[in-house]
Visitor: 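Please read through the structure below; I'll follow up with questions.
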Amino acid sequence: MLARLFRLHGLLVASHPWEVIVGTLAVTVCLMNMNSSSTSSQMCSWNNCPKVKEEAPSSDIIVLTITRCMAIIYIYFQFKNLLQLGSKYILGIAGLFTVFSSFVFSTVVIHFFGKELTGLNEALPFFLLLIDLSKACTLAKFALSSNSQEEVRENISKGMAILGPTFTLDALVECLVIGIGTMSGVPQLEIMCCFGCMSVLANYFVFMTFFPACVSLVLELSRESREGRPIWQMSHLANVLAEEEDNKPNPVTQRVKIIMSLGLALVHAHTRLTAEHSGRNRTAEGPVAERLESAGTVWPLKLTSMELEHVITLGLALLLAIKYVFFEQADTESSLSLRSPISGASLVQKPRAADSCCRRDQSAARKSSAGVLATGVASSAVSDVKPLPEADITCKGIFLFWEVPPRFNTLAPAGCGAEPRSLEECMAVLSDPQRGPEMLTDSEVINLVTARKILNYKLEALLETPERGVAIRREMLALKLPVSSALSGLPYKGYDYSKVMGACCENVIGYMPVPVGVAGPLLLDGQQFHVPMATTEGCLVASTNRGCRAVSLSGGCSSRILADSMTRGPVVRLPSACRAAEVKMWLETSDGFGMVKEAFDETSRFARLEKLLACVAGRNLYIRFQSQTGDAMGMNMLSKGTEQALSRLKQHFPDMEVLSVSGNYCTDKKSAAINWILGRGKSAVCEATIPAQVVREVLKSSTAALVDLNISKNLVGSAMAGSIGGFNAHAANIVSAIFIACGQDPAQTVGSSSCITQMEVAGPDGDDLYISCTMPSIELGTVGGGTNLPPQQACLQMLGVAGPNQPGENARQLARVVCATVLAGELSLMAALAAGHLVKSHMTHNRGDLSGSN
């Protein structure tokens with residue numbers, strides 16, 4: 001219930017950032033305009049008006065000096081770890097968070113105490129010591145793990161649900177623990193604790209209101225208007241929500257805090273009531289003004305005694321500043337040059353600061369940071385100041401914007417410039433589930449690959465992210481190429497390699513962006529389609545688009561699926577040709593076909609053996625298995641079923657030897673008359689009648705010219721060349737463009753582009769054009785393989801055929817779209833050839849200058 005309330009609160013704040021920010025400022029103004037006298041009295045009654053003595057003992061000076069030094073060191077480590085995040089937005093928002101917390105705290109305190117601010121200088125270091133930006137950065141990372149503004153709001157609400165209850169309880173415990181200091185009787189400590197409680201409350205107030213509103217607003221204003229997507233999208237933060245869910249506070253610890261807070265509340269109540277009862281005998285003048293005034297008069301008299309304290313504090317601040325400006329920058333540059341023997345020469349081309357830097361010594365860094373903070377906790381009586389999260393201490397930070405100074409992008413723990421560890425040590429780290437590959441540097445992983453301790457093709461699977469595996473493989477390959485910067489133009493970041501692994505490609509070094517155009521609308525069977533085409537050939541999309549326009553203006557085209565079955569043709573060998581003939585005849589019997597079909601059908605929910613075609617060549621027997629495969633293209637499905645059927649057949653004919661599960665009798669990815677005659681995959685036909693007016697006005701040609709050219713070119717010309725399935729103008733152009741866009745196997749364009757284009761005169765006056773395209777072997781699918789990749793999936797969704805449907809319906813619809821688009825492309829190209837526009841159009845679109853050189 002509590003988490004739900006904080007979640008709703010976070011969603012409200014993130015959804016209305018302007019209102020929350022303005023409201024927070026309004027509350028601050030109201031606090032400043034409250035009646036100072038009443039507030040001062042309330043304040044005094046709350047903290048029992050600490051008594052400031054005329055003389056401050058030396059112990060107070062020592063306490064103040066230690067507190068100031070601790071505050072400076074703590075803020076130094078806070079800032080240093082924030083810089084490791086590398087994002088100007090996190091730095092900016094966190095800085096704004098700190099400044100505004102200070103503003104709220106200071107204005108309220110100034111109002112409560114008027115002009116007499118005695119003790120504020122002592123309390124400010126204590127206030128700085130209590131500021132903890134780790135939760136603010138964690139909430140920022142929740143927002144930065146989003147892909148859209150809606151996800152920003154949702155993730156902020158989730159972050160508040162996780163962090164809100166813990167932060168609330170922590171603030172309560174801190175206030176109660178620090179509040180005990182107001183009863184200590186030590187004047188400076190009482191003032192510091194009073195201010196400390198205020199700072200905790202101010203920090204909590206800003207974290208719950210102003211900070212999440214600023215995060216939401218800043219990320220909303222930083223969206224890229226050109227592409228409409230956020231520029232903070234980061235793949236390596238995708239699991240931040242799950243990680244934070246796993247790191248929820250221990251319930252036992254929470255119970256202890258609750259019990260402790262209740263006990264402290266009772267102590268406070270008893271002490272305050274006692275103090276109030278004893279204070280009734282005091283005069284109305286009240287001790288506030290006297291004590292603050294006396295404290296104010298004491299401070300000028302103690303300037304000489306505080307001189308050593310100021311010297312110590314100032315000296316510490318200067319030493320830390322000198323260390324940061326000079327030594328840390330030099331260490332960073334040194335680690336940058338020694339970071340990797342590969343990336344040193346081309347650092348600008350491979351700015352992988354978060355991935356390439358050293359990944360070890362994280363535990364040491366955590367212990368060091370925890371030790372510093374633990375010291376601060378013990379000395380400042382704060383019970384629950386936690387070390388910064390691991391993600392803020394290690395070098396796996398957030399690197400969103402490369403305009404950040406380069407040294408911020410290369411910050412890493414100690415040891416980044418160290419020599420790689422031995423192979424045995426690296427293997428021990430790799431096999432240790434507590435450490436794993438993320439604790440290895442890139443150079444150490446490369447050494448393991450070189451020593452064949454890690455196989456090159458398994459990098460994506462073994463490393464913590466597939467993208468890091470791709471990056472390391474690129475670095476190894478760059479050393480072997482004639483031009484070391486050859487891969488700089490091949491992108492690899494931001495790609496979902498999890499869908500590629502084990503399905504689409506191996507030894508990945510990047511991905512190839514191909515321009516995708518759209519042709520259409522194409523009116524097919526009464527439905528409009530916008531057809532995606534991935535190609536680098538100029539004029540292809542424009543020409544196809546003109547054909548789609550002509551078809552649509554003519555009332556559209558109609559299509560039918562003639563056959564639907566994929567094939568696989570293994571080759572087996574028998575002892576003799578006669579024995580091979582016996583097996584052939586047995587397979588053609590009902591008993592033989594039934595036994596093979598039973599074994600084949602057991603391997604899949606969709607594959608059902610329909611036909612067997614056997615052919616003998618000497619001792620070799622070629623068997624063509626034919627089966628429907630649902631919405632999948634089906635080669636793997638057929639191969640599995642064929643293998644099982646051959647195993648059963650070998651049991652019946654022990655003397656049979658299986659030579660290959662594919663004997664080219666299928667035939668796959670090769671021109672073959674058997675596919676042209678019997679079909680393979682989807683066999684489709686599409687037709688349309690183009691009125692004479694459309695032929696003249698859109699295609700700029702005539703029916704007679706198109707019919708004559710089709711006979712001379714597509715039919716007679718192809719026959720003269722001895723073509724198999726090539727009785728068309730350029731069907732392969734359209735097929736390959738759609739195949740690449742929709743995640744099909746581009747190599748199957750060879751058989752899938754088999755097409756015969758026919759044109760005839762039509763209409764009552766013989767001026768209209770009848771055109772048809774018959775394609776007997778369109779080999780495609782809408783599930784499996786490249787269709788699962790997001791860009792290809794998007795193109796399938798454009799056509800409304802993504803994923804499975806009624807078994808095979810989406811795949812058949814895609815085949816009809818391919819056939820109809822081929823018809824549109826044939827129509828437009830033939831018209832351009834008949835009118836003599838082909839060369840001119842290519843020069844206009846691709847060259848822009850007819851006098852250009854070839």
Side-chain angles (χ1 to χ4, degrees), residues 519 522-525 529 531-533 535 540 543-544 547-548 551 556-567 626 628-629 631 633-635 666-688 710 713-715 717-719 723-742 744-760 770-782 799 801 808-830:
L522 171 64
L523 185 58
L524 170 62
D525 298 326
F529 293 90
V531 185
M533 302 176 66
T535 181
L540 177 60
S543 176
T544 307
C548 292
V551 170
C557 55
S558 302
S559 65
R560 291 293 184 273
I561 295 296
L562 305 176
D564 181 6
S565 59
M566 183 51 63
T567 64
Q626 187 170 319
Q628 290 194 10
T629 57
D631 285 301
M633 188 272 290
M635 286 302 298
C666 315
T667 295
D668 187 41
K669 301 174 184 176
K670 291 167 283 291
S671 296
I674 192 170
N675 291 344
W676 175 247
I677 297 170
L678 299 180
R680 187 171 192 257
K682 275 69 177 173
S683 299
V685 62
C686 188
E687 61 182 354
N710 185 69
K713 169 183 166 61
N714 289 343
L715 302 183
S718 297
S723 175
I724 299 177
F727 302 96
N728 57 81
H730 71 148
N733 256 336
I734 288 86
V735 173
S736 61
I738 298 177
F739 271 29
I740 295 173
C742 295
Q744 310 302 313
D745 188 345
Q748 289 187 318
T749 300
V750 176
S752 299
S753 60
S754 293
C755 171
I756 181 168
T757 300
Q758 295 174 272
M759 296 183 184
E760 305 173 17
Y770 172 84
I771 179 174
S772 68
C773 287
T774 306
M775 305 179 69
S777 56
I778 306 176
E779 302 156 345
L780 49 71
T782 57
L799 298 171
V801 296
E809 185 55 39
N810 274 349
R812 286 189 285 268
Q813 180 63 63
L814 181 58
R816 285 192 286 265
V817 170
V818 170
C819 189
T821 310
V822 167
L823 184 146
E826 291 286 284
L827 189 62
S828 181
L829 178 58
M830 291 296 288

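All residue numbers in this chain count up from 1 along the given sequence.
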Visitor: Are any of the side-chain nitrogens in E809 or R816 under 4.0 Å away from the carboxylate oxygens of its partner?
Guide: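 Salt bridge between E809 and R816, a charged N being under 4.0 Å from a carboxylate O: yes.
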Visitor: Do side-chain atoms of E826 reach the backbone of A729 as a donor and acceptor pair under 3.5 angstrom?
Guide: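 Judged by distance alone, yes, a pair lies under 3.5 Å.
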Visitor: Looking at I561 and A815, what are the two nearest heavy atoms and their distance?
Guide: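 Taking I561 first and A815 second, the nearest heavy atoms are CD1-CB, 4.1 Å.
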Visitor: Can you tell me how far apart CG (L522) and OG1 (T544) are? Round to the nearest 0.5 Å.
Guide: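 Those atoms lie 10.0 Å apart.
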Visitor: Would you check if the side chain of S828 reaches a backbone N or O of G825 as a donor-acceptor pair within less than 3.5 Å?
Guide: no
Visitor: When you compare the side chain of E779 with that of D668, does any pair of heavy atoms fall below 4.5 Å?
Guide: yes
Visitor: If you measure only the distance, is there a donor-acceptor pair under 3.5 Å linking the side chains of N710 and Q758?
Guide: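 Looking only at side-chain atoms, Q758 and N710 do not form any donor-acceptor pair under 3.5 Å.
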Visitor: Is the backbone of R680 close enough, under 3.5 Å, to the side chain of T567 for a donor and an acceptor to pair up by distance?
Guide: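 Not a single qualifying donor-acceptor pair exists.
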Visitor: Looking just at side-chain N and O atoms, do S723 and S718 make a donor-acceptor pair shorter than 3.5 Å?
Guide: no
Visitor: Within this structure, what is the CG-OG1 distance for the pair L562 and T774, rounded to the nearest 0.5 Å?
Guide: 7.0 Å
Visitor: Mind running side chain to side chain contact (heavy atoms under 4.5 Å, CB included) on I756 and W676 for me, showing each step along the way?
Guide: CA-CA 10 Å; I756 181 168; W676 175 247; 3.8 Å; yes
Visitor: Can L814 and Q744 be said to form a side chain to side chain contact (heavy atoms under 4.5 Å, CB included), step by step?
Guide: CA-CA 11 Å; L814 181 58; Q744 310 302 313; 3.9 Å; yes
Visitor: Mark yes or no for whether D631, through its side chain, and N810, through its backbone, hold a donor-acceptor pair below 3.5 Å.
Guide: yes
Visitor: Checking the side chain of N714 only, and the main-chain atoms of T757 only, is there a donor and an acceptor separated by less than 3.5 Å?
Guide: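 Absent.
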Visitor: Quick one: closest heavy-atom pair of C755 and V822, and the distance?
Guide: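 Here C755 and V822 meet closest at SG-CG1, 4.2 Å.
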Visitor: Checking the side chain of N675 only, and the main-chain atoms of T667 only, is there a donor and an acceptor separated by less than 3.5 Å?
Guide: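 Answer holds: yes.
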Visitor: Could you check whether any side-chain heavy atom of L524 comes within less than 4.5 Å of a side-chain heavy atom of S559, counting everything from C-beta outward?
Guide: yes
Visitor: Got a donor-acceptor contact below 3.5 angstrom from the E687 side chain to the C557 backbone?
Guide: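 Between the backbone of C557 and the side chain of E687 there is no qualifying donor-acceptor contact (under 3.5 Å).
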Visitor: Rounded to the nearest 0.5 Å, how far apart are CE of M635 and CD of Q748?
Guide: 6.5 Å
Visitor: Could you tell me whether the side chain of S558 reaches within less than 4.5 Å of the side chain of D525, counting heavy atoms only?
Guide: yes
Visitor: What's the separation between atom CG in D745 and atom NZ in K669, rounded to the nearest 0.5 Å?
Guide: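 Going from CG on D745 over to NZ on K669, the span is 4.0 Å.
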Visitor: What residue among V735, I734, L799 forms side-chain contact (heavy atoms from CB on, under 4.5 Å) with V818?
Guide: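 Exactly one pass, corresponding to V735.
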Visitor: Is there a side-chain contact between S754 and S671 in this structure, where contact means two heavy atoms from C-beta onward sitting under 4.5 Å apart?
Guide: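 No, every pair of side-chain atoms sits at 4.5 Å or beyond.
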Visitor: Compare every heavy atom of C742 with every heavy atom of P532, then report the nearest pair and how far apart it is.
Guide: CG-SG, 4.2 Å
Visitor: Enter the distance from M633:CE to T782:OG1 here, rounded to the nearest 0.5 Å.
Guide: 12.0 Å
Visitor: Closest approach of G681 and M566, non-hydrogen atoms and distance?
Guide: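 Smallest interatomic distance, heavy atoms only, reads CA-CE, 3.9 Å.
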Visitor: Any non-hydrogen side-chain atom of V685 less than 4.5 Å from a side-chain atom of C819?
Guide: no
Visitor: Considering all heavy atoms of both residues, which atom of F739 and which atom of I778 are nearest to each other, and what is their separation?
Guide: CZ-CG2, 4.5 Å
Visitor: If you round to the nearest 0.5 Å, how far is CG of N733 from CG of N728?
Guide: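 Separation between the atoms: 10.0 Å.
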Visitor: With distance as the sole test, does D564 use its side chain to make a donor-acceptor pair with the main-chain N or O of K682 at under 3.5 Å?
Guide: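 Answer holds: no.
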Visitor: Could you pull out the closest heavy-atom pair between L540 and A737, with the gap in Å?
Guide: CD2-CB, 4.2 Å
